Amino acid sequence: MQQMISRELSPLNLEFPFHSLSSEITPNDQFYVRCHFPIPRIDLDSFRLTIEGSVDRDVSFSLSEIRQLPKVTRRVTLECAGNGRIFLVPQVKGAQWEMGAVSTAEWTGTPLSALLELAGVNANALDLIMEGVDQGKAKEPPAPPGEIRYSRSIPIAKALSDVLIAYDMNHEPLSPEHGAPLRAVVPRWFGMASVKWLSRIIVSDRPFRGYFQTTDYAYWKPQHGALVQTPLSEIQIKAQIASPRAREVVPRDASYRVHGAAWGACEVSKVELSLDGGETFQTATLLGEKHAGAWRLWEYHWRTPVKPRSVQLIARAWDSHGRTQPLDRDGNWGTYVICHALPIEITVA
Ligand SMILES: Nc1nc2c(c(=O)[nH]1)N[C@H]1C(S)=C(S)[C@@H](COP(=O)(O)O)O[C@H]1N2
Ligand SMILES: [Mo]
């Protein structure tokens, strides 16, 4: 088995070795880990998830009460908004993820909408804030004084659609690093929305302006000619190549399986592969079945060149709305959303 790539031990930040991709589901001990603060210790017997704010009644649930509510299992890919940051030139601050801050699991839990129904969401509700138990000092100024908890919001319409409050990951109870005993799983959004160690939900009648969606995990969005600081939300269409790896030496005049994964907020409709630095693109084969909110594996059987030379490979995904990846970096994304098509150089020998 492949080792996780360690980016930071305290707090724990581990990367899935993406070149080892071989299945649609990432095994739990290979699933990337992104933590801002130390993993909290939680007493399961006294644990409760509370819902308050713009609701008819405050409600709270024990773990066994949550497990008795309607149960669904969904395959969802999580990608950290900083995935691929190491490829930005010049280098930027933040965890230097390569391609492995992305993974896919089957999550089991109760729909957030089922919990909200029990609380009764008021008509003026706009945003839904999810707060984790973990806390620590925020890194980047401007930051609130003292320790803060990890919290993030989603619009109420999103909260009522496809969000899960999960307790199982790949049919095993959540592990401490992935948010035990309860976490949100927000399909089609970057990972920062999927709050781990979730213990408190606040329904709000105004947009949340917390640290993790202003100082952190926000970008400058062009709006009517002005730039507006906006919380990151949906993932962007993207393909990654697992094999070959950058700088790999592949045999000449041979059959070689180029493969990887592609994902986005909408269905992946096509993956294209260029074997000549972007001059021409071939259509790769999409593997398996489509699952809304999860990545799609793809492959291309390549007859490698007869003569030894270096080759530049570029993969590019398309979605069902006809959107594809830009070839150049859009600087408005700042240190996040590394979604432009990234060429890799290999050697045919
Ligand atoms: N409570 C809490 N939730 C959190 C985080 C965190 O640090 N604390 N990190 C977020 C980020 S940025 C990502 S990308 C995902 C990662 O989930 P994973 O560690 O299970 O892969 O969790 C999100 N939820
Ligand atoms: Mo993240």
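Treat the numbers as computed from the prediction; the structure is a model and nothing was measured. Hydrogens, waters and symmetry mates play no part in the numbers below; they use all other heavy atoms, side chains included. Note that ligands are numbered from 1 as they come in the structure, with each ligand's atoms numbered from 1 the same way.
Classification of E289 and R296 as a salt-bridged pair fails, no side-chain N sitting under 4.0 Å from a carboxylate O. Comment: D216 does not engage K139 in a salt bridge, judged by the lack of any side-chain N to carboxylate O separation of less than 4.0 angstrom. Contact check on E98 versus R85 returns no salt bridge, with no Lys/Arg side-chain nitrogen under 4.0 Å from an Asp/Glu carboxylate oxygen. A salt bridge links E15 with R7: the distance from a Lys NZ or Arg NE/NH1/NH2 to an Asp or Glu carboxylate oxygen falls below 4.0 Å.
With a heavy-atom cut-off of 4.0 Å, F190 does not touch ligand 1 at all.
Few gaps surround NE2 on H171; more than 12 heavy atoms of other groups in view lie less than 6.0 Å from it.
Of all protein heavy atoms, the one lying nearest to atom 15 (C) of ligand 1 is G191 O, 3.4 Å. In this structure, the protein non-hydrogen atom closest to atom 19 (O) of ligand 1 is K196 NZ, 2.5 Å. Here the protein heavy atom with the shortest distance to atom 10 (C) of ligand 1 is Y150 OH, 3.6 Å. Ranking the protein heavy atoms by distance from atom 7 (O) of ligand 1 puts H36 ND1, 2.7 Å first. In terms of protein heavy-atom proximity, atom 21 (O) of ligand 1 is closest to Y32 O, 2.6 Å. Distance from atom 1 (N) of ligand 1 to its nearest protein heavy atom, with residue and atom name: D134 OD1, 2.8 Å.
If you number the atoms of ligand 1 from 1 as listed, the ones under 4.0 Å from a heavy atom of Y217 come out as 12 (S). Remark: ligand 1 atoms within the under-4.0 Å shell around heavy atoms of S194 are 22 (O), 23 (C), 24 (N). Ligand-side atoms of ligand 1 in range of R34: 5 (C), 7 (O), 9 (N), 11 (C), 12 (S), 13 (C), 14 (S), 16 (C), 19 (O), range being under 4.0 angstrom from any heavy atom. Interface atoms of ligand 1 facing F31, defined by a heavy-atom separation under 4.0 Å, are 21 (O). Close contacts between ligand 1 and C80 involve ligand atoms 14 (S) [criterion: under 4.0 Å to a heavy atom]. Interface of V33 with ligand 1, defined as ligand atoms under 4.0 Å from a residue heavy atom, comprises 19 (O). Interface atoms of ligand 1 facing C35, defined by a heavy-atom separation under 4.0 Å, are 7 (O).
In this structure, V337 and L232 have side chains that are in contact, with non-hydrogen atoms separated by less than 4.5 Å. Contact check for D127 versus I156: no side-chain heavy atoms found under the 4.5 Å cut-off.
Ring-plane geometry between F18 and W295 is classed as perpendicular, the angle between the planes exceeding 60 degrees on a 0 to 90 degree scale with a lower cut at 30. Note: Y217 and H36 have perpendicular aromatic rings, judged against thresholds of 30 and 60 degrees for the angle between ring planes.
A cation-pi arrangement is absent between R257 and Y300, since the terminal nitrogen or guanidinium carbon is not both under 6.0 Å from the aromatic centre and inside a 45° cone about the axis.
Put simply, part of R183 is less than 4.0 Å from ligand 1, judged by heavy atoms.
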